[in-house]
Undergrad: 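Please read through the structure below; I'll follow up with questions.
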Amino acid sequence: MRLKNLLLGVSLTALAGPAYAQTTTTRQGTTADVTVQTAPQVATQTPATTATPTTTLREALLQAYNTNPDLQGERANQRANDENVPIARSQGRFGVGSTGSVSSSVYDSDGNAFTPTRQGRLGLNVSQPIYSGGSVRNSVRAAETRVNAGRANLRGVEADTFTSVVTAYVDVIRNEAIVRLNQQNVRVLQVNLQATRDRFEVGDLTRTDVAQSEARLALAQSQLRNAEAQLIGSRESYIRVVGTPPGVLAPPPVLPNLPDDAQVAEQTALANNPFLEAAQLQRDATRFDTRVARASRLPQVSLGVGGDYYNYLGSVPGQAAQQLSSNGFSSTIGAQVSLPLFQGGRPAAQVRQAQAREASAIESVTLTERGVISQARSAYASYQGALQVIESSRVAVEANRLSLEGVRAENSVGTRTILDILNAEQELLNSQVQFVTAERDAYIAGFSLLAAMGRAEAADLNLDGGPLYDPEANYNRVKGRWSDWADDRAPTPVGTSTAGTPPQGATVAPGGLDPVLQRPVDTTRTNPD
C-alpha cells in the first residue's frame with residue numbers, strides 16, 4: 001500500500017531518509033524482523049496558496065520535541081525514575097555515622113573524689129551489610145527493569161506528542177482550505193443574488209427566486225462564520241501543542257513505511273509498540289518485587305566497626321590524675337546476625353501483596369496488547385476508508401462541477417430554475433469540503449498507524465536541529481554515584497509559555513480554489529483497490 005500526494009505531499013526525504021522498495025526495520029527487544037513496504041518518492045505539487053510557507057511539518061515536530069511541556073515533563077519523570085537504581089544500590093553499600101556528646105555531672109550519689117565530672121565524646125561507626133536475603137540484589141534488578149520500562153513509555157509519549165502535532169498541523173491546513181471554499185461560495189452567491197435581482201427588475205424572474213438567492217447567501221455566510229471559528233480553534237490547538245502560531249504551513253510530506261495489509265500492521269505493532277514494551281517490562285519488575293518481599297523472612301548479616309574518642313575536659317581530680325588519663329580512644333568490631341522467627345504474619349502478607357501486583361501487571365500486558373491490536377487495525381481501516389473517500393470525493397467534485405456548469409447552461413435557456421443552480425453550487429461545495437476532510441483524515445490515520453507500529457518517534461523521523469534527547473545519558477550519569485551531596489542544579493522551565501502569543505484570527509493566505517481539488521490524489525490508482 002502506498003500513500004502519495006496526501007495534502008500536496010512533497011518528497012519523502014523531507015520527513016525521513018530516502019525510501020527503498022523494501023526496508024527491514026527492527027528495534028531492540030523485538031522477537032523478529034518485520035519488513036514493511038515503503039512509499040516511493042513523488043514530485044512536488046503546486047502549493048495550495050500563493051503565499052510562501054513559513055513553517056514545515058518537520059520544523060513543527062522539532063519545536064514540539066524541544067519545547068513541549070508534556071514531553072519535557074515525561075523526561076523529568078524518567079530522570080526521577082533513574083534515581084531508583086542508586087537508591088536501591090545504596091541499601092547494600094556501607095554506611096558511615098558519627099556521634100558527639102558533651103556532658104557535665106550535676107549530682108551523682110555514687111560519685112567520689114576520683115570521678116570526673118565532665119566528659120566529651122566523639123564516635124565514628126561503619127557498618128556493612130553482608131547478606132540481606134537477596135533483597136538488595138532484587139531491588140536493584142527491579143529498579144533497572146523499571147528504568148527500561150520508563151524509556152519505552154517515554155518513546156510512546158514522544159510518538160503521542162508527534163501525533164498531536166501532526167493532527168494540529170493538518171487541521172489548520174484543512175480548515176484554511178474550508179474557509180477558502182466557503183469564501184468562494186459566498187462570493188459566487190453574492191454574484192448570483194445580484195444577477196437574480198437584475199433579472200427580477202426586468203421581469204425575467206419572480207420575487208421567489210430573489211428570496212431563494214437571499215436565503216442561500218445568508219446560509220453560506222453562516223457556514224463561513226462557522227468555518228472561521230473552527231479555523232481559529234485549530235490554530236489555537238496548534239499553539240498549545242507546538243508553542244508558537246502556525247504562520248503559513250507548507251504541505252506535509254508523504255508518510256513512509258506504511259504496511260500492505262492489516263496483518264503486517266498488527267505484527268509490527270506487537271513487535272515495536274513502546275507502550276506494550278513498557279507494560280511487559282513493568283510485569284518483569286513485579287517479579288523482582290515478589291522476591292524482595294520473600295527476603296524479609298531470611299537472615300540478615302552485617303559487620304560493624306566503631307571508634308570513640310573521649311575527653312574528661314579537665315575534670316579529673318588531682319588525686320586521680322596519676323591513675324586516670326584525661327582522654328583516650330576506644331574501638332569495637334563485631335558482626336550482627338538476625339533471624340526473624342515470627343513477625344505476626346507481615347512477611348506472608350507482603351509476599352501475597354507483591355504476587356497480586358504481579359498478577360495485575362500480567363493482566364495489564366494483555367490489556368495493552370489488546371489496545372495495540374485494536375489501534376493498529378482501526379488505524380489501518382481508517383486509513384483505507386479515507387483513501388476510498390478521497391477517491392469518491394474526487395469523482396464527486398468533478399461530477400458536481402460539470403453538473404453546475406450544465407445546470408447554469410440549462411437555466412439560460414429556461415429549463416432550470418435559480419433553485420437548481422443554488423442546489424448544484426451547494427453540492428459542489430459539500431463535495432469539495434468532503435474531499436479536503438478526507439485528505440486530512442487519511443494523513444492522520446496514516447501517522448496514527450505509524451505510531452501504533454512504533455515508527456513515529458524522533459529516531460524514525462530523522463529530525464534535524466541538534467542531538468536527540470538520550471535518556472540513557474542521565475542514567476549513566478547517576479547510576480554509580482556514591483556522594484550524599486551530589487545534587488543537581490535547581491530546575492528551570494524548559495517548555496515554552498504561550499501567554500505572549502496573540503489571539504488567532506481567521507484570515508487565510510490569498511488564493512482561490514485549492515489546487516488539490518483539481519488533481520487526483522493517487523495517480524497510480526493502487527489504493528484503493
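Scope of the values below: all heavy atoms of this structure, side chains included, with no hydrogens, waters or symmetry mates. Since we're looking at a predicted model, the values are computed, not measured.
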Undergrad: Mark yes or no for whether Q78, through its side chain, and N474, through its backbone, hold a donor-acceptor pair below 3.5 Å.
TA: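 No; zero donor-acceptor contacts below 3.5 Å.
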Undergrad: Identify the heavy atoms of A143 and N84 that sit nearest to each other, and give their distance.
TA: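 Reported closest heavy-atom pair: CB-O, 3.6 Å.
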Undergrad: Is there a donor in the side chain of T244 and an acceptor in the side chain of Q63, or the other way round, less than 3.5 Å apart?
TA: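 Result is yes, a qualifying pair exists.
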Undergrad: Judged by atom type as modelled, is there a donor-acceptor pair below 3.5 Å linking the side chain of T54 to the main-chain atoms of V248?
TA: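 Side chain of T54 to backbone of V248, a donor-acceptor pair under 3.5 Å: yes, one is there.
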Undergrad: A quick test of your reading: do over 12 heavy atoms of other residues, nucleotides or ligands sit less than 6.0 Å from CD of Q336?
TA: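 No, CD of Q336 has 12 or fewer neighbouring heavy atoms, counting only those of other groups under 6.0 Å.
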Undergrad: Considering residues at least two apart in sequence or located in another chain, which fulfil the side-chain hydrogen bond (donor to acceptor under 3.5 Å, both in side chains) criterion with R287?
TA: D284
Undergrad: Quick one: closest heavy-atom pair of G133 and L298, and the distance?
TA: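 Here G133 and L298 meet closest at O-CD1, 3.5 Å.
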Undergrad: Here's one to test your reading of the geometry: is the NZ or CZ of R440 within 45 degrees of the ring axis of Y169 and under 6.0 Å from its centre?
TA: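 No.
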Undergrad: E59 side chain to T56 main-chain N or O, any donor-acceptor pair under 3.5 Å?
TA: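 Here the side-chain-to-backbone pair exists.
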Undergrad: Just how far is it from atom OG of S234 to atom CG of N175, taken to the nearest 0.5 Å?
TA: 4.0 Å
Undergrad: Which heavy atom of Y475 sits nearest to which heavy atom of R89, and what is that distance?
TA: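 What the structure gives for the nearest pair is OH-NH2, 4.4 Å.
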Undergrad: Rounded to the nearest 0.5 Å, how far does CZ of R121 lie from OG1 of T99?
TA: 8.5 Å
Undergrad: So which heavy atom on G150 is nearest to which on N81, and how close?
TA: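 That would be CA-ND2, 4.0 Å.
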Undergrad: Any donor-acceptor pair under 3.5 Å linking the side chain of N138 with the backbone of G134?
TA: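 Indeed, once roles are kept as given, a pair shorter than 3.5 Å links the two residues.
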Undergrad: Which atom names give the shortest non-hydrogen contact between R155 and P274, and what distance separates them?
TA: NH2-CB, 3.7 Å
Undergrad: When you measure from the side chain of Q128 to the backbone of F94, do you find a donor-acceptor pair of N or O atoms at a distance under 3.5 Å?
TA: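 Side chain of Q128 to backbone of F94, a donor-acceptor pair under 3.5 Å: yes, one is there.
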Undergrad: Take atom CZ in R477; do more than 12 heavy atoms of anything else shown fall under 6.0 Å from it?
TA: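 Yes, enclosed.
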Undergrad: Checking R235 against E176 for the salt bridge (charged side-chain N to carboxylate O under 4.0 Å, His left out) test, could you report, in this order, the C-alpha distance in whole Å, the side-chain angles of both residues, the deciding distance, and whether it holds?
TA: CA-CA 10 Å; R235 286 174 171 172; E176 286 178 348; 2.9 Å; yes
Undergrad: Can you pull out every ring pair (Phe, Tyr, Trp, His ring centres under 6.0 Å) where at least one residue sits in residues 326-364? Sequence neighbours excluded, please.
TA: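 Qualifying pairs: Y309-F329.
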Undergrad: Go through the steps to decide whether E358 and R283 satisfy the test salt bridge (charged side-chain N to carboxylate O under 4.0 Å, His left out), and finish with yes or no.
TA: CA-CA 6 Å; E358 182 179 347; R283 174 202 59 199; over 6 Å; no
Undergrad: Looking at N148 and L281, would you say the former's side chain and the latter's main chain have a donor-acceptor pair under 3.5 Å?
TA: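 Judged by distance alone, no pair lies under 3.5 Å.
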Undergrad: Rounded to the nearest 0.5 Å, what's the gap from OG on S135 to CZ on R137? Could you check?
TA: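 Going from the OG atom of S135 to the CZ atom of R137 covers 9.0 Å.
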Undergrad: Ignoring hydrogens, what is the shortest heavy-atom contact between L463 and L468? Give both atom names and the distance.
TA: O-CD2, 4.3 Å
Undergrad: Is a donor on one side and an acceptor on the other found under 3.5 Å between the side chain of N153 and the backbone of A149?
TA: no
Undergrad: Do the side chains of S296 and P347 get nearer than 4.5 Å, heavy atoms only?
TA: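 Yes, at least one pair of side-chain atoms sits under 4.5 Å.
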Undergrad: Give me the one residue out of Q355, Q353, R146 that meets side chain to side chain donor-acceptor pair (under 3.5 Å) with D289.
TA: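 Only one option passes, and that is R146.
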Undergrad: Report the distance from atom CD of E266 to atom OG of S374, rounding to the nearest 0.5 Å.
TA: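 Going from the CD atom of E266 to the OG atom of S374 covers 10.5 Å.
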Undergrad: With a sphere of 6.0 Å drawn around CD of Q91, does it hold more than 12 non-hydrogen atoms of other residues, nucleotides or ligands?
TA: yes
Undergrad: Measure the CG-CG distance between L258 and L449 for me, rounded to the nearest 0.5 Å.
TA: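 Between atom CG of L258 and atom CG of L449 there are 6.0 Å.
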